[in-house]
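Computed from a prediction, not measured in an experiment: that's the story for all the values here. Numbered from 1 within each chain, the chains take letters A, B, ... in sequence-line order.
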Amino acid sequence: MAVVAAAAGWLLRLRAAGAEGHWRRLPGAGLARGFLHPAATVEDAAQRRQVAHFTFQPDPEPREYALETQSPLPRNFEMGQTQKMNLFQSVTSALDNSLAKDPTAVIFGEDVAFGGVFRCTVGLRDKYGKDRVFNTPLCEQGIVGFGIGIAVTGATAIAEIQFADYIFPAFDQIVNEAAKYRYRSGDLFNCGSLTIRSPWGCVGHGALYHSQSPEAFFAHCPGIKVVIPRSPFQAKGLLLSCIEDKNPCIFFEPKILYRAAAEEVPIEPYNIPLSQAEVIQEGSDVTLVAWGTQVHVIREVASMAKEKLGVSCEVIDLRTIIPWDVDTICKSVIKTGRLLISHEAPLTGGFASEISSTVQEECFLNLEAPISRVCGYDTPFPHIFEPFYIPDKWKCYDALRKMINY
Amino acid sequence: MAVAIAAARVWRLNRGLSQAALLLLRQPGARGLARSHPPRQQQQFSSLDDKPQFPGASAEFIDKLEFIQPNVISGIPIYRVMDRQGQIINPSEDPHLPKEKVLKLYKSMTLLNTMDRILYESQRQGRISFYMTNYGEEGTHVGSAAALDNTDLVFGQYREAAVGAAYAAKRANANRVVICYFGEGAASEGDAHAGFNFAATLECPIIFFCRNNGYAISTPTSEQYRGDGIAARGPGYGIMSIRVDGNDVFAVYNATKEARRRAVAENQPFLIEAMTYRIGHHSTSDDSSAYRSVDEVNYWDKQDHPISRLRHYLLSQGWWDEEQEKAWRKQSRRKVMEAFEQAERKPKPNPNLLFSDVYQEMPAQLRKQQESLARHLQTYGEHYPLDHFDK
């Protein structure tokens, strides 16, 4: 209950803060501080506290993805009718499309019936019925185990884990059951129609248990796919691909982007391929790789590098963590000779280590400098120290500068 | 009704059986066959009333401080049809199964027993790596399976997944029940709690079948739980529950048959706790003489064995005799040996298949690893048991 209340609290704060990644001062937020500090510093401190560490940048249109109805893939296609959607709305749109065309599809998890603590399932229960969009008891291992069972019968199961930080009770179900279902039965059975969605990543005030990025734990698990979008347009296409993919998928949704990221998104369904990284900006001197929110950070770092150092950066969004697109990353590093990988999750054992290790195996002789990883520190995700913890643009810029000067 | 009475005694409800009955029996007539809304209706909110208004429980106030005493001395009674000599106790409970069906039950249990002996021996001889026998529990498997339809889904463990499958079967109007088997040890896992709770709240047509055989490897039930076994947990989740004599194949059959009928008709879970005894070791890696007496094992083997009890019934019906017994033993041994030898002759699948079915499609990186193993075997193949595998 406390968790739900806390989540609802963020929901309200997110709404009050508005879109576009900049956070306005909340009325009353400085009251407690006012007792302890002089008024002038309270104002400054509160404002500094609430400025986001990134600016969401939508991709330029048009995009190179086909609407479902069109095949083969045309070069510059018509997106069809679009609507301005933020990230949670693009998720709702994907779920709506799924339930509309797949009568077996069901959505379940904690609090999804009223619309979800992040509003991702608003309106779906009314539209599709309470047997298709329903609450479960508060039990993550149950949610995932139950979802596996639905998927085993061939129906489409879309499970929500309220925060990625809570996915660990379901770890056994994901790793020992879902991931191994097809393999252990010699393809007699599978739970490929299972998708697990979960809010992920830092949000400014999430602290230890509402900020985690656990993708590295799952990267070590053959049999599942892990996907992380950077924007509403990417989210809808990738989520639809996950739902339709014939393997169990985990779809992490950067919660800080739920409201902060908004752009034109097609109303009709469309797919963005899994296990394909995207070069969102071409460059020649250094390759920058990230996923989720961090893509916007490194994009800004690329601008800073151009402006201050005259350095041309190639910016890549990995998108699928496993199975990951080794070829695109290596192709880029062969061209640039330098690689910087950045993620919020802690440095040791983080997914940057996997990328780094593979790239040095495949591209050793092309490297001009050691591969750089700019990540969270090896601590639990802190509360008040968040601004110091996260791998912000200054840390990335500094690491890039050192790489150039190596 | 027996469950309600026992439960009422346990919880000492002052309001008599009516409240307990409503919660535990969920008579189909009261709410129609398929329950479409939660059992506890929101009470009309009235501040003038002195009745409790809490959304979380439907109960009366009490002004005396009293803890509910869990009753483990006089637990939920054990339903049985036959006595230990295979005689029907209450004729109205006799399922009156036709001869062919009862013979099929008997032959299934004895064939299983024969297979167990041969495979256990083969492990001792090093011909297979590992085996777990069913000694003493044949009645639970065969009795329950006989009560199901051919299209029903069977999960041997995976409690939460079983519930999900049942939910999907309900949505598909498939007329299937899901049955999930587990032991009293596995019932301690969080999975069981999750499975029970989800099955009840989401109204799933599922039978939870617990084989309580007295041991989880070496751990006796006294170290596994302190309550009245597994059946007593069911009502805590709002689940219809029963305890049966697992060594009485007719009792198992009757309970499963009725549970199946109602689970599908009413979309609700059922919990059957089949009491039995694990006569064999936990597995070929276990020697149970380390933690229990030979006398205890012998008692169950000689005095209360599901196969013996059914054989007594067959003999008393004139449907079986010593000659048929001898012939069947020979025949079942031969069946198992033939199947075993045929399986033993087959080479194992090609090592390439190590990499299949991780995903529906093989990812590029995995294909590279597959090729790497193939190259490795080309050079170092002599160090690997390739002769036993398909080329």
**Message:** With a 4.5 angstrom heavy-atom cut-off, is it the side chain or the backbone of A:Ile224 that approaches chain B, or both, or neither?
**Reply:** backbone
**Message:** With a sphere of 6.0 Å drawn around CZ of A:Phe189, does it hold more than 12 non-hydrogen atoms of other residues, nucleotides or ligands?
**Reply:** no
**Asked** Given that the side chain runs from C-beta out, which part of B:Leu153 has a heavy atom under 4.5 Å from chain A: side chain, backbone, both or neither?
**Response** side chain
**Prompt:** Can you tell which of B:Ala161, B:Pro349, B:Ala166, B:Ala168 has the highest number of heavy-atom pairs within less than 4.5 Å of chain A?
**Reply:** B:Ala161
**Prompt:** Under a 4.5 Å heavy-atom cutoff, which of B:Leu353, B:Leu354, B:Val178 has the most pairs with chain A?
**Reply:** B:Leu354
**Message:** Against A:His343, only a single residue in A:Phe351, A:Phe252, A:Trp291 fulfils ring pair (Phe, Tyr, Trp, His ring centres under 6.0 Å); can you say which?
**Reply:** A:Trp291
**Request:** Could you have a look at B:Tyr158, B:Tyr359, B:Phe155 and say which one has the most heavy-atom pairs with chain A under 4.5 angstrom?
**Result:** B:Tyr359
**Item:** Top contributor to chain A interface from B:Pro363, B:Ala162, B:Gly190, B:Ala199 [non-hydrogen pairs under 4.5 Å]
**Value:** B:Gly190
**Asked** With a 4.5 angstrom heavy-atom cut-off, which part of B:Gln360 approaches chain A: side chain, backbone, both or neither?
**Response** both
**Request:** Could you look at A:Pro248 and say if it's the side chain, the backbone, both or neither that has a heavy atom under 4.5 Å from chain B?
**Result:** neither
**Message:** Taking the basic N atoms (NZ, or NE/NH1/NH2) and the acidic carboxylate oxygens, is any pair closer than 4.0 Å for B:Lys170 and A:Asp131?
**Reply:** no
**Asked** Is chain B contacted by the side chain of A:Asn247, its backbone, both, or neither, given a heavy-atom distance below 4.5 Å?
**Response** side chain
**Complete:** Of A:Thr358, A:Thr136, A:Ile322, A:Asp325, the largest count of non-hydrogen pairs under 4.5 angstrom with chain B goes to A:Thr136
**Asked** Heavy-atom count around A:His220 NE2 within 6.0 Å, excluding the residue itself: above 12?
**Response** no
**Message:** So for atom CD, which belongs to A:Glu361, do other residues, nucleotides or ligands contribute more than 12 heavy atoms lying within a distance under 6.0 Å?
**Reply:** yes
**Message:** For the NZ atom on A:Lys335, are there more than 12 heavy atoms of other groups (residues, nucleotides or ligands in this structure) within a distance under 6.0 Å?
**Reply:** yes
**Message:** Please classify the contact of A:Val144 with chain B as side chain, backbone, both or neither, using a heavy-atom distance under 4.5 Å.
**Reply:** neither
**Item:** Contact class of B:Ile206 relative to chain A, heavy atoms under 4.5 angstrom
**Value:** neither
**Asked** Counting only heavy atoms not in A:Phe217, do more than 12 sit closer than 6.0 Å to its CZ atom?
**Response** no
**Complete:** Whatever's closer than 4.5 Å to a heavy atom in chain B on A:Phe108 counts as neither
**Prompt:** Around B:Phe130, counting heavy atoms of other residues, nucleotides and ligands shown, do more than 12 lie under 6.0 Å from its CZ?
**Reply:** yes
**Prompt:** Between A:Glu177 and A:Arg184, is the closest basic N to carboxylate O distance under 4.0 Å?
**Reply:** yes
